[in-house]
Chemist: 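Structure incoming, see below.
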Amino acid sequence: MKSFRKLYHHGRIVDDLAAAMAAMERDLGVTWAPVRTFDPIRVWLPATEGDAGGWSEARIAVTYSRQGPIHFELIEILAPGAYDALRAVSSDHVGAWVDNVGDEVETLVADGWTLIAAGASPKHRYGQMAYLSKDGGPVLELVGEAIRPMIEEWIAASQ
């Protein structure tokens, strides 16, 4: 499957970002990129049983470990919102670079994967990120190569 060929992070939603960073720094020796707060970030949610879906917002704080090639990503949900849909499936996910998020989402959905959340609607080809899962397996975040330079700059930035 093409989506797993360019994995670059293992993400986890945590209750306390600072505490999780400190524990992983102590236990694993990782150091962290600057924390970025997205307050809010727009997220598109598909319709589910009892929910019409559509545009929503998330308020999150995020950081990445500097060490790689598989980076740790920590996410703290700052207020109820769109990322609760992701956490309802799993607090963990893996992220992979893809050339075209829309094409990959359509391929995975045709193979039985379920879309959890995306950066844009299907009309806009899901934007530059989308979270999917299949049969209780791992959550996969597809991240567009178009934003790779921004993410890599963030990981390399000094505090």
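For this chain, numbers begin at 1 and follow the sequence in order. This structure is a prediction, so every number in the text was calculated from the model and none was measured.
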Chemist: Are any side-chain N or O atoms of T107 and backbone N or O atoms of D103, one a donor and one an acceptor, separated by less than 3.5 Å?
Modeler: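 Here the side-chain-to-backbone pair exists.
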Chemist: Looking at Y83 and A58, what are the two nearest heavy atoms and their distance?
Modeler: CD1-CB, 3.4 Å
Chemist: Which pair of non-hydrogen atoms, one from L140 and one from L142, has the smallest distance, and what is that distance?
Modeler: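 Looks like CD2-CD2, 3.7 Å.
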Chemist: Looking at every heavy atom in both P149 and A146, which two are closest together, and how far apart are they?
Modeler: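 Closest approach of P149 to A146: CD-O, 3.7 Å.
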Chemist: Less than 3.5 Å apart, any donor N or O on the side chain of T31 or Q67 sitting next to an acceptor on the other?
Modeler: yes
Chemist: What closest approach, in Å, do S133 and V139 show between heavy atoms, and which atom pair accounts for it?
Modeler: CB-CG2, 4.1 Å
Chemist: Can you list the residues that meet the side chain to side chain donor-acceptor pair (under 3.5 Å) rule with T114, with sequence neighbours excluded?
Modeler: none
Chemist: Any idea which heavy atoms bring G144 and V101 closest together, and the distance?
Modeler: N-CG2, 3.5 Å
Chemist: Please confirm whether the backbone N or O of A33 pairs with a side-chain atom of T63, one donor and one acceptor, at under 3.5 Å?
Modeler: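 A pair under 3.5 Å: yes.
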Chemist: With a 4.5 Å limit on heavy-atom distance, are the side chains of E76 and I60 in contact?
Modeler: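 Side-chain contact under 4.5 Å: no.
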Chemist: Check whether S90 reaches the backbone of D92 with its side chain - one donor and one acceptor, N or O, closer than 3.5 Å.
Modeler: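 The answer is yes, because a donor-acceptor pair under 3.5 Å joins these two groups.
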Chemist: Are Y126 and V98 connected, step by step, through hydrophobic side chains (Ile, Leu, Val, Met, Phe, Trp, Tyr) whose heavy atoms are closer than 4.5 Å?
Modeler: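 The answer is yes; both residues are in one hydrophobic cluster.
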Chemist: Sequence neighbours left out, what pairs pass side chain to side chain donor-acceptor pair (under 3.5 Å) with at least one residue falling in residues 143-155?
Modeler: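 For residues 143-155, and leaving out neighbouring residues, the side chain to side chain donor-acceptor pair (under 3.5 Å) pairs sorted by first residue read K6-E145, E145-R148, R148-E152.
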Chemist: Under a single-linkage definition using a 4.5 Å side-chain heavy-atom cutoff for Ile, Leu, Val, Met, Phe, Trp and Tyr, are V105 and I147 assigned to the same hydrophobic cluster?
Modeler: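 Looking at the clustering, I147 is in a separate group from V105.
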Chemist: Keeping D16 on the side-chain end and A18 on the backbone end, is there a donor-acceptor pair under 3.5 Å?
Modeler: yes
Chemist: For a quick test of reading the model, state the closest non-hydrogen atom pair linking R66 to P34 and the distance between them.
Modeler: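 For R66 versus P34, the nearest heavy atoms are NH2-CD, 4.0 Å.
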Chemist: Go through the steps for H10 and H93 under the test ring-ring contact (aromatic ring centres under 6.0 Å, His included), then give the verdict.
Modeler: CA-CA 6 Å; H10 171 236; H93 67 274; 7.4 Å; no
Chemist: Got a donor-acceptor contact below 3.5 angstrom from the W32 side chain to the M21 backbone?
Modeler: yes
